[in-house]
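Sequence positions, counted from 1, serve as the residue numbers for this chain.
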Amino acid sequence: MSFPTLHARAEAKPFEHRSCLTPTTTKKLIAAGYKVNVERSPTNPDYERIFKDSEFEEAGATLVDEGSWTKAPRDHIIIGLKELPEEDWPLEHTMVHFAHCYKQQGGWEKVLARFPRGGGTLYDLEFLQDESGRRVAAFGYHAGFAGAALAIKTWAWQLTHPNGEPLPGIETFTEGRGYYNTESDLIAQLKEDVAAGEKVAGRKPTSLVLGALGRCGSGAVDLLEKVGCGEIKKWDLAETKERDGPYPEIIESDIFVNCIYLSKPIPPFVDRASLKSPSRKLSVVCDVSCDTTNPHNPIPIYDINTTFDKPTVKVDVEGDGPTLSVISIDHLPSALPRESSEAFSNALLPSLMALKDRASTPVWQGAEKLFQEKVQTLPGGVPKKEA
């Protein structure tokens with residue numbers, strides 16, 4: 001089979017600075033025989049890609065206009081990262097990105113129906129799996145890492161700003177950029193935050209990470225350990241299989257970082273009733289899993305996604321106890337866009353190399369089969385292809 005042209009689209013989600021393709025992986029794809037078109041990075045700083053256009057050009061890519069994927073030849077494969085803007089026109093291309101529509105998230109049917117209406121195909125990055133059923137690439141580690149970082153920053157901010165001012169946007173702490181240049185910059189800043197919070201509280205924060213053995217959880221634990229926090233409870237299946245939540249151990253920790261992968265309905269880990277406990281120390285929840293619109297969200301104490309410019313939402317809690325804030329940002333790795341993009345793209349690279357043989361490659365076969373199955377579940381049946 002001939003090599004298809006790959007078209008890397010610019011991201012259209014505010015504060016998203018990552019890229020599914022990087023100059024490193026682009027160079028390798030071109031060396032293998034693919035032609036790679038890369039849309040120019042948006043000039044709006046809120047959407048600016050961490051990698052400069054010149055880096056992709058030096059890697060051998062052809063730079064094309066932002067948004068030009070909509071007019072690309074139908075046989076080009078459109079590669080992105082986050083979901084498309086909310087539109088209604090049919091999609092005719094084969095597209096690779098996180099669509100967030102396979103678990104019946106809010107508005108899922110409108111998102112998914114665009115593909116059969118245009119004759120297009122979705123390969124959802126979240127569901128690209130090898131023959132053992134393991135995801136071939138994930139941002140989980142850096143999601144947990146960045147989520148735990150924001151949780152620490154929120155804990156310290158609450159203590160040093162007792163009048164209840166919400167944590168400001170991440171640009172406040174990154175010289176206006178909205179992301180950290182390097183992991184070491186982030187760690188250094190967080191150590192100062194913990195020291196400031198400890199001065200007020202007389203101790204370092206305690207935390208509980210649920211899903212600690214997974215990619216996401218290991219990232220959260222690594223961050224907490226590198227910064228030098230207090231006690232870190234590392235929970236996974238062994239700690240939850242014998243009893244259902246809500247769990248008092250969560251309420252009794254300063255910080256709760258949720259890193260589980262929600263695949264079925266489960267009892268809540270924490271709920272509004274459990275927050276009334278007089279033993280509550282919990283002041284920060286970072287829901288890295290971010291199943292906000294999922295009807296089975298195991299943290300039913302909030303109902304909105306937060307953003308990097310407004311990282312927290314306050315939870316109204318009855319009775320005494322500390323202020324409680326939730327972080328529910330669904331693209332946390334963008335706080336460390338260069339490092340997280342390189343890790344993800346390099347993990348995805350072997351599968352991208354096989355796109356020319358996708359009809360016979362298990363990763364892509366499985367992704368297309370799942371797409372067709374999900375299309376069959378659309379309310380009212382499969383939409384007809386529009387002229």
Lys/Arg-Asp/Glu bridge criterion (N-O < 4.0 Å) met for [X], [Y]:
X: Lys13; Y: Glu11; result: no
X: Glu39; Y: Lys71; result: no
X: Glu57; Y: Arg40; result: no
X: Lys281; Y: Asp254; result: no
X: Arg358; Y: Glu368; result: no

**Asked** Take atom CG in Asp75; do more than 12 heavy atoms of anything else shown fall under 6.0 Å from it?
**Response** yes
**Item:** Steps toward side-chain hydrogen bond (donor to acceptor under 3.5 Å, both in side chains) verdict (Glu16, Ser334)
**Value:** CA-CA 6 Å; Glu16 181 55 79; Ser334 198; 3.1 Å; yes
**Prompt:** Considering the options Thr377, Val375, Leu370, which one meets the side-chain contact (heavy atoms from CB on, under 4.5 Å) requirement together with Glu373?
**Reply:** Leu370
Regarding [X] and the six-membered ring of [Y], is the cationic atom NZ or CZ under 6.0 Å from the ring centre and inside 45° of its axis?
X: Arg18; Y: Phe139; answer: yes
X: Lys103; Y: Tyr261; answer: yes
X: Lys153; Y: Phe173; answer: yes

**Complete:** When rounded to the nearest 0.5 Å, the distance separating OH of Tyr123 from CD1 of Ile79 is 11.5 Å
Enumerate donor-acceptor pairs with a distance under 3.5 Å from any side-chain N or O in residues 106-116 to protein atoms, sequence neighbours excluded.
{"from": "Arg114", "atom 1": "NE", "to": "Trp89", "atom 2": "O", "distance (Å)": "2.8"}
{"from": "Arg114", "atom 1": "NH2", "to": "Trp89", "atom 2": "O", "distance (Å)": "3.1"}

Closest contact, heavy atoms only, [X] versus [Y]:
X: Leu282; Y: Leu275; value: CD2-CD2, 4.3 Å
X: Ile187; Y: Phe145; value: CD1-CZ, 4.0 Å
X: Leu6; Y: Leu355; value: CD2-CD1, 3.8 Å
X: Thr174; Y: Ile170; value: OG1-O, 3.0 Å

**Asked** Can you check whether Trp157 reaches Thr312 side chain to side chain, under 4.5 Å on heavy atoms?
**Response** no
For [X] and [Y], test the side chains for any donor-to-acceptor distance below 3.5 angstrom and give the result as yes or no.
X: Tyr247; Y: Glu239; result: no
X: Asn258; Y: Asp287; result: yes
X: Ser283; Y: Gln158; result: yes
X: Thr307; Y: Asp309; result: yes
X: Ser360; Y: Gln365; result: no

Can I get a per-line list of side-chain donor-acceptor pairs under 3.5 Å for residues 378-387, giving both atom names and the distance, sequence neighbours left out?
{"from": "Glu386", "atom 1": "OE2", "to": "Arg117", "atom 2": "NE", "distance (Å)": "2.5"}
{"from": "Glu386", "atom 1": "OE2", "to": "Arg117", "atom 2": "NH2", "distance (Å)": "3.2"}

**Asked** Taking it one step at a time, do Lys82 and His100 satisfy side-chain hydrogen bond (donor to acceptor under 3.5 Å, both in side chains)?
**Response** CA-CA 9 Å; Lys82 298 300 288 185; His100 304 298; 3.2 Å; yes
